[in-house]
Amino acid sequence: MKKITKAVIPAAGLGTRMLPQAKAVCKEMLPIVDKPSIQYLIEEAVAAGITDILVITNRDKDCIEDYFDYSPEYEKKLMDGGKDKVAEELRAIADMANVYFLRQKQTKGLGHAVARTKSFVGDEPFLVLYGDDVIDAPTSTSLEMIKLYEKYRLPVVGVQNVSREDVKRYCTLDAKSIGERIYKVTDMIEKPREEQIITTLSILGRVILTPDVFDILENIKPGAGGEIQLTDAMAIMARKDSVIAYEFEGTRHDMGSKLGFLKANVSLGVKSPELGEDFKSWLKEFVKTL
């Protein structure tokens with residue numbers, strides 16, 4: 001059985017929910033405390049054993065590529081000032097994994113973005129981390145999903161129960177429990193109407209796919225929003241051989257929304273080794289004024 005060593009991060013969306021700032025700063029580079037949100041995704045993937053990562057971007061996101069490159073000017077300035085440790089930390093960002101970049105020349109949906117990774121993935125199973133979704137969990141969600149793939153040899157989706165209103169924004173799964181926080185999925189519907197909701201389990205930010213998804217994506221018709229929906233392709237896989245769902249622990253932060261951005265900074269800010277205690281003290285006093 002081939003091990004999962006490759007990951008894909010679709011990050012080509014325009015970020016319209018984050019305007020006006022997304023016009024100048026791509027949403028994946030917006031900070032959570034002191035790191036851009038996309039770094040949290042790459043760190044999670046690396047912690048799960050991923051060595052090669054392909055980031056799908058568009059023409060306005062060169063800043064992501066620059067961030068995961070060496071910074072000789074910064075490193076020299078820091079080392080000249082005796083800040084060797086900080087310089088080493090900057091270089092370590094670029095050395096976490098082999099990070100590659102590919103532009104999605106037309107934004108035709110998540111399925112279209114994933115379809116463009118075929119030559120990178122080859123005939124191997126691979127991990128997809130949605131660019132907007134940062135998961136704060138006690139253990140790497142990606143690692144737990146990889147363990148399930150190794151056990152069941154089937155595609156795996158990361159899920160949580162959400163409100164019925166949110167289900168309509170995401171997807172609904174026909175899922176049967178087969179273990180603690182583990183389900184067998186035999187169907188799914190992207191952005192269902194109220195009468196189509198099967199369960200309130202929705203896919204949130206992490207999936208493991210097998211290479212047969214590419215043949216499906218090449219032949220699938222546009223779905224919700226007139227786009228090539230990855231969920232529609234995974235639904236075909238679920239109906240054919242079933243898919244495993246993992247109800248992950250922790251909190252998923254939607255970095256594609258202004259409220260999600262604020263929540264992520266507060267939630268992870270209080271856990272910061274450097275700033276957490278001071279931030280918590282300030283926050284407690286601030287809350288008294290509300």
Quiz prompt | Test: Asp132 and Lys27 ion pair at under 4.0 Å | solution = yes
Quiz item: Passes salt bridge (Lys or Arg N to Asp or Glu O under 4.0 Å), Lys147 versus Glu144? Steps please.
Solution: CA-CA 5 Å; Lys147 290 177 181 177; Glu144 296 304 316; 3.6 Å; yes
Practice problem: List for me each residue that meets side-chain contact (heavy atoms from CB on, under 4.5 Å) alongside Asn161, sequence neighbours excluded, and say none if there are none. | Solution: Thr200, Leu201, Glu247
Exercise. Output yes when a side-chain donor or acceptor of Gln196 lies under 3.5 Å from a complementary backbone atom of Arg193, and no otherwise.
Key: yes
Quiz item: Charged N to carboxylate O below 4.0 Å: is that the case for Arg169 and Asp166?
Solution: yes
Practice problem: Evaluate the side-chain proximity of Tyr40 to Asp136: yes if any heavy-atom separation is below 4.5 Å, no if none is. | Solution: no
Exercise. Say whether Glu227 and His112, considering side chains only, have a donor N or O and an acceptor N or O under 3.5 Å apart.
Key: no
Quiz item: When you look at CD of Glu195, are more than 12 heavy atoms from neighbouring residues, nucleotides or ligands closer to it than 6.0 Å?
Solution: yes
Quiz item: CG of Asp69 to CZ of Arg91: how many Å apart, nearest 0.5 Å?
Solution: 9.5 Å
Practice problem: State whether the number of non-hydrogen atoms from other residues, nucleotides or ligands found under 6.0 Å of Lys263 atom NZ is greater than 12. | Solution: no
Practice problem: Flag the pair Ser142 / Arg206 as yes when at least one side-chain heavy-atom distance between them is below 4.5 Å, and no otherwise. | Solution: yes
Quiz prompt | Residue list, side chain to side chain donor-acceptor pair (under 3.5 Å) with Tyr74, at least two apart or on another chain | solution = none
Practice problem: Find the distance between CG (Leu143) and CG (Leu148) and round it off to the nearest 0.5 Å. | Solution: 10.0 Å
Self-check item: Qualifying ring pair (Phe, Tyr, Trp, His ring centres under 6.0 Å) pairs with a residue from residues 200-257, counting only residues at least two apart or across chains
Solution: Phe126-Phe214
Quiz item: Which of these passes side-chain contact (heavy atoms from CB on, under 4.5 Å) with Leu154: Asp241, Val243, Ile208?
Solution: Asp241
